[in-house]
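Structure first, then comments.
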Amino acid sequence: MTRSVIKTVVIYTVILVLALVISTLFILIPAYVHHIEGYVPGGFDTLYLSKYSPYDTIVVEMDYQPGMEPDPKAIAALKENIELYSHKHVVMHLSQDIGGEEVPLIVYGDDIFNITTRLQKAHRDHRTGWLGGNITLYIMYLDTVWQPDNSDYSSTMPAYQYETISNVYSVGVTYAADSMIIFKDAITREDMETTILLHELGHVWGLGHSNGSENVMNSKFNVFKDAPPDHNPVSNNFPTEYSSEDKLRLARLYESPHILPIF
Ligand SMILES: [Zn+2]
């Protein structure tokens, strides 16, 4: 009798321990996956877009330096496109949070990511929930010129360059899974800002570059500081549409069941 009681207790203890181990793995594995993917643009694409995502609201926080305020038309187009492809509730938060002295006048190479990591620690108010609710997108509008390393961002570089690499600068960059930087001073033409925002949004959703002057994921929107206007690519047309292939990819992401909440 005693022996059978002990046996029963042992069996139930083993079952309980196994259940605990398995349930812990179910938490730790997604946590690890999202920890890794959080560093990669496109890493949260299905969390933003899938209809099975545990996140029902996308919060867009736009923090800018004095004088670098985002254009209302570009903000409206960004919101409209996020709603169109995610079918989620979108909330915009705009704030002149970042001080004028917080960013150097020129930033070289990967220094930009050290600077923006610091800016996020200081100014970011909205965070993605652990199990669901809000997923956030953080956009910084900075008063600086960024000269990226040719090697690291060669794919975002134009096909041709003017004189030296120091004359090439970037208008925007996506980094990590949920952040982008817009270099407002580099936005020199009307309607360019909408194109840049939608282009970077495409990267957040995992889209790569593609050619075609009507395609917002064209990479040749970088303008040349010292080049004559007629040598700037796409100088009179800034598209605001994704290509039909990219639209299809975004539609597939909406149907994708491959979602895991962030832990
Ligand atoms: Zn790009």
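Counting starts at 1 for both ligands and their atoms, following the listed order.
- Taking the Zn ion (ligand 1) as reference, His203 places its N/O/S atom NE2 nearest.
- Per residue His199, closest N, O or S atom to the Zn ion (ligand 1): atom name NE2.
- Lys247 and Glu241 are joined by a salt bridge, as a carboxylate oxygen and a charged side-chain nitrogen come within less than 4.0 angstrom of each other.
- Under the 3.5 Å distance criterion, with hydrogens and angles disregarded, no donor-acceptor pair is assigned to the side chains of Tyr48 and Asp178.
- Of all the N, O or S atoms in His209, the one closest to the Zn ion (ligand 1) is NE2.
- Closest approach of Gln120 and Arg127 over heavy atoms only: O-NH2, 3.9 Å.
- For the side chain to side chain donor-acceptor pair (under 3.5 Å) with His123, the lone residue among Glu61, Glu102, Arg118 that qualifies is Glu102.
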